[in-house]
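Within every chain, numbering begins at 1; the chains are lettered A, B, ... in the order of the sequence lines, protein sequences first and strands thereafter.
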Amino acid sequence: MKTYVSEQLQQIIEVLQQQQFLPADLTPRFTVERTRDKSHGDFATNLALTLAKPAGTNPRQVAEKIVALLPDKGAIKKVEIAGPGFINFFLDETWLARQVKNALDDSRLGVAQVERPQNIVIDYSSPNLAKEMHVGHLRSTIIGDAVARTLEFLGHKVIRQNHVGDWGTQFGMLLALMEERRQQGREISMELSDLESFYREAKQQFDASPDFATRARQLVVDLQSGDATCLNLWREFLDISLSHCQKLYDRLGVSLGPDAVHGESAYNDDLPQVIADLDKAGLLTEDQGAKCVFLDEFKGQDGNPLPMIVQKKDGGYLYATTDLAALRYRQKQLSAERILYFVDVRQSLHFQQLFAVARKAGFLDPATRTEHMGFGTVMGEDGKPFKTRSGKVAKLADLIDEAESRARALVAEKNPQMDASELDDIGRVVGIASIKYADLAKNRSSDYLFSFDNMISFEGDTGPYMLYAYTRVASIFRKAEVDENSLSGEIVLTEEIERELANRLIQFSEILTRVAERGTPHLLCGYLYDLASSFSSFYKNCPVLGADTETERNSRLQLCLLTARILKQGLSLLGIGTLERM
RNA sequence: GCGCCAGUAGCUCAGUUGGAUAGAGCAUGUGACUUCUAAUCACAGGGCCGAGGGUUCGAAUCCUUCCUGGCGCGCCA
């Protein structure tokens, strides 16, 4: 609708230019936007305001000329000139109703597939396998997943890349401890069931015992040289650690599986080649023994050029090297047209350098878009990075446990008669929805405050509210005893709130496009909240089953049905499941 | 020192890339359950959009100078 109006206006500009009312070389910038205030219609444009000066007259006069030239068409019921010269468009109800009908008849709910699907690589989650997943991984995992699902739904080919940390010196001490435990006859899988304390133990021994440290360093060397027993030990560790991750993904409803895992170690063999190619491209400089790439656009302390170090003086490689190799792999092997990184915003300098160097080195096609989708830190209620009461980094598993049990307790309070197994199920869904929605609803790039109390509260803009809205629709259909697929009849939008609801319903598509473009699921959350909130108001004010006439009942049932479908689809794109009752 | 980001209601956050009287939720106050789940709805109060200057028909948004906070800046990732 927006683009339709824009096109009309564009044509009018041309007419006005032919009439020499406007300079011929003018390309005005104007917007067509949904209004906030309903008294301003459904859409408004500022076109007349931007044209007033070039036309040498006042905005309202320009507006009148534009309105006079607007073609007659069904979609718009009324046009008004308002305020300083805005032109307000009022949508015709029957047109609105027809859009709702169309969306209902469409299995994609009125959301078209993109005309040109892209290969889009998304790097997200990417935990360090040496430790257990903690709060720090939550945002990357959840936001990245929501964007992946959205892009996929729009018809793109999404290639998920879980760039796990499965390499590096820290594995030396872990393997050393595994070895020691095995010699003591202990069962390794048991020992690794609590990865966090295993890591702590290894670190402690590494710091305390010179013998242990020496052995750890030796194991790193063995690992790098491909020693078979050492590699087996390493793989055993990865297996266990990855299955920890997978368990969390499954609990969280994150669409990452083993096929997405492509860790740092996958690029080991390519690293010398990366260095050689950088050299060949004339980008490599040796500085204080380290191999660096200097780019003019990056300045460090004292205004000196800032290096990206790709090889240490001891010959070792760094994450910059691995990232370059990964970028090239994604371009060449995965044929990426767009590459998204859901990584902490604090690494933005690193990504700027990475992208710039990769382009200079020819690792990327010029047309490929690379975007660092940075996100802020999860803060505790004290305003500092989120920690447990004991001051430790909070494990993701513990966080989920707590959310689920809090949710379960609240559900039990509302439903004293509900049996335990149903409470468990609902508690799980609501708990996960609470965590995910609270995170996704916030703007990606800023820090956000993590608060169980706020997110599990069943009031207001929360996960539970969204789920509740859905169950209310579901409940109507249980009672209505109609076949959802056989609903028919006209949709009539008589009440103001029905109009509002219909208007929301047909906005789904444009919201998804923006989420996909900018990597910002909070826009989808905001939209779904507005939809749920409009529905709640509709639910209160417009009896569905008890409607006055059969026509009205059918019409309202159809509004309910589309609301339910969009809520379910929208939440599913956020990776949030729905419940039929709660 | 240089660079990046943030500062909006008591609290948590939006603000459609420059538009109309700055919006939600929580909290506070009031009203609404014999009718589809009150986990809801309706209404009210609450603001120097960090401060100053500039750009223009029009600024929370763009430029600029400050203030405050966070983060980053050579061999960790």
Checklist line | Dot-bracket notation for RNA chain B, counting Watson-Crick and G-U pairs under 3.5 Å, with | for partners on another strand | finding: (((((((..((((.....[...)))).(((((.......))))).....(((((..]....))))))))))))....

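Between Tyr329(A) and His262(A), the two ring planes are parallel [angle under 30°; tilted spans 30° to 60°].
Between Lys312(A) and C76(B) there is a side-chain N or O to OP1 or OP2 distance below 4.0 Å. In this structure, Arg472(A) reaches the A38(B) phosphate: one of its side-chain N or O atoms is under 4.0 Å from OP1 or OP2. The phosphate of U21(B) has neither OP1 nor OP2 within less than 4.0 Å of any side-chain N or O from His40(A).
Ring pair Tyr317(A)/Tyr319(A): centre-to-centre distance not below 6.0 Å.
Each of C26(B), G25(B), G19(B) was ranked by its minimum atom distance to the side chain of Thr50(A); first place goes to G19(B). In the set A42(B), A27(B), G19(B), the nucleotide with an atom closest to the side chain of Ser537(A) is A42(B). In the set C36(B), G19(B), A39(B), the nucleotide with an atom closest to the side chain of Asn46(A) is G19(B).
For A39(B), the base has no donor-acceptor partner in the side chain of Tyr468(A) [N/O atoms by modelled type, under 3.5 angstrom].
Cation-pi geometry between Lys414(A) and Phe458(A) is not met at under 6.0 angstrom from the ring centre and within 45 degrees of the axis.
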Checklist line | Protein-to-nucleotide contact annotation, 5' to 3' order, nucleotides 1-9 of chain B [B base; S sugar-phosphate only; - none; under 4.0 Å, heavy atom] | finding: B--------

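The aromatic ring of Tyr465(A) does not sit over the base of A39(B); the criterion of centres under 5.5 Å apart with planes under 30° is not met.
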